[in-house]
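Reminder, nothing fancy here: chain letters follow the sequence lines and each chain counts from 1. Computed from heavy atoms alone, side chains included, the values below leave out hydrogens, waters and symmetry copies.
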Amino acid sequence: LKRNRAEIPNTYEWKNQLSEPGFIAAPVSCFKHAPIYECWDNITVGMKVEVENTDCDNFSESFPDSFWVATVLKIAGYKALLRYEGFGQNGSKDFWLNLCCNTVHPVGWCATRGKPLIPPKTIQDKYKDWKEFLVKRLTGARTLPSNFSTKIEDSLISRFRCGMNLEVVDKNRISRMKVARIEKIVGKRLHVKYYQAEQDDNGFWCHEDSPLIHPCGWSERVGHCISAHRSYMERCISGNLHEDDATEEYFITPRTIHYPPDIEFREGMKLEAVDPLNLSSICVATVMKVLKEGYIMIRIDSYDADESGADWFCYHSSSPCIFPAGFCDTNSIPLTPPKGYDPSEFDWETYLRENNLETVPLALFNREVPAHGFVVGMRLEAADLMDPRLVCVGTVSRVVGRLLKVHFDGWEEEYDQWLDCESPDVYPVGWCELVGQKLEGPRVT
Amino acid sequence: SETKSRKWEQKQVQIKTLEGEFSVTMWASGTDD
């Protein structure tokens, strides 16, 4: 079982920060893609659980592992502050534990395995009759569902399996796709290796819900550029995919948007977009090509013009990372202007008039703002999308509608990332520990 | 809310201590399907 894995060397542990005043973790209910998101509403403060009793003699032949009941005092992501029953107001032995770890169980779990509950040494003489005490403390209290452990295990299972092929954005040339093979899966994050890559290429990491991956045959179908072997293209065109080729049902399909008649994305239209190569920046961009099924190729206008089109990037028209002209101004976000323009002087109206340009109509953007629950100051774990094998500790530093700015603790603002509130690249505190991913701590200067 | 309260179900939970076994009535979220 994944949750029985060995400890990860040099992984960061939140424990020293969890009790700091003002520490707020984004709740698991903010992360739709996170394990056991669906039942997290039922995990509450005051709930009773059975946990390992670490306040006992180190070795007992009759009971090699000892358990006792504890109350959840505080919740931070997947972590909970627990107090053993019987300690009353005494918080000296309180401890933080990941609620999804394999030593936390619903009340009743020990009895079904024939294990007696053993009171911690500190309080073992406090009551003569533990039965009366436990009946009083437990009756009417809440506990975890008896299938909690199964629920966690089920929620950790990826839709994908190692060995599957899929189409992935080429990390060295973001305007094209490449065929890649899944080498490893950690917490539904896929480690893929490109076919025909250099021997020392370490491949690419992304979450299975990432918009950077697509089923085999997708590029050919929507008209996106792909670098692939001829035999691969032949099987895409003929529809005779291999059994290892990932098909449509493995992927998140972007929602279909019904646009008003006669309004459409057209080549040359201007908009604002998160720079895929520098996620701390929102830039003036141009629609370079309209693909099928609602996909568009955009170019970030602040870069030198590249005639080869190597700097184009594919966004779906429903992407929450593209915005109408004026979005940054309205929300007091610095906008990176086209190359050659002074950021302090750039003005959309003048720019459009002087260059005889038009913007993408407002009606074409996804303006839905879900009730996501993120607020400034919340702590989380986030993939560093410039080196996506890394997952780091971060803080929500701005919230603009559905857009979040994630700051990596200890790093300069230039490393921040603008992300959508439903991005599969952010995770609750304790996620790395739960899935067996190394967590990078704050940079210490 | 009513929907929320429906998520919780009363259940008899068995407890075993060194002194013996007994049961208590607790609430668990109704996801024991």
Side-chain angles (χ1 to χ4, degrees), chain A residues 36-44 46-50 53 56 60 62-63 66-69 71 85-86 105-119 124 127-152 154-155, chain B:
Chain A
I36 61 163
Y37 158 84
E38 318 76 41
C39 58
W40 200 258
D41 274 353
N42 295 328
I43 308 293
T44 57
M47 185 172 245
K48 314 285 180 190
V49 290
E50 287 180 355
N53 170 10
C56 63
S60 153
S62 330
F63 310 111
S66 160
F67 286 84
W68 187 241
V69 180
T71 306
E85 275 304 332
H105 305 284
V107 175
W109 181 87
C110 283
T112 60
R113 276 151 188 83
K115 292 170 187 284
L117 293 169
I118 298 169
Q124 67 186 1
Y127 296 96
K128 276 197 180 130
D129 188 353
W130 282 105
K131 177 186 168 182
E132 195 191 326
F133 171 79
L134 287 174
V135 168
K136 217 160 125 188
R137 295 293 298 168
L138 298 179
T139 302
R142 288 174 173 187
T143 191
L144 298 167
S146 53
N147 61 352
F148 187 59
S149 170
T150 318
K151 283 197 159 293
I152 297 165
D154 289 349
S155 70
Chain B
S1 71
E2 201 190 342
T3 331
K4 189 107 178 162
S5 61
R6 274 199 201 130
K7 286 185 182 172
W8 294 91
E9 286 166 4
Q10 231 174 2
K11 60 186 286 186
Q12 284 298 111
V13 173
Q14 204 65 18
I15 308 290
K16 182 176 176 163
T17 63
L18 292 171
E19 291 81 31
E21 246 178 278
F22 54 95
S23 72
V24 291
T25 309
M26 294 189 78
W27 292 91
S29 55
T31 51
D32 288 6
D33 44 289

*With a 4.5 Å heavy-atom cut-off, do B/Ile15 and A/Leu117 have their side chains touching?*
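A side-chain contact under 4.5 Å exists here.
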
_Is it the case that over 12 heavy atoms from other parts of the model lie below 6.0 angstrom from the NZ atom of B/Lys16?_
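Enclosed.
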
*Verdict with supporting geometry, A/Leu138 and B/Val13, side-chain contact (heavy atoms from CB on, under 4.5 Å)*: CA-CA 9 Å; A/Leu138 298 179; B/Val13 173; over 6 Å; no

*Heavy-atom distances under 4.5 Å only: say whether B/Glu19 touches chain A with side chain, backbone, both or neither.*
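Only the side chain of B/Glu19 comes within 4.5 Å of chain A.
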
Quick one: closest heavy-atom pair of [X] and [Y], and the distance?
{"X": "A/Leu134", "Y": "B/Phe22", "value": "CB-CZ, 4.1 Å"}
{"X": "A/Ala111", "Y": "B/Gln14", "value": "CB-O, 3.4 Å"}
{"X": "A/Pro116", "Y": "B/Thr17", "value": "CB-C, 3.9 Å"}
{"X": "B/Met26", "Y": "A/Arg142", "value": "CE-O, 3.9 Å"}
{"X": "B/Ala28", "Y": "A/Pro145", "value": "CB-CA, 4.3 Å"}

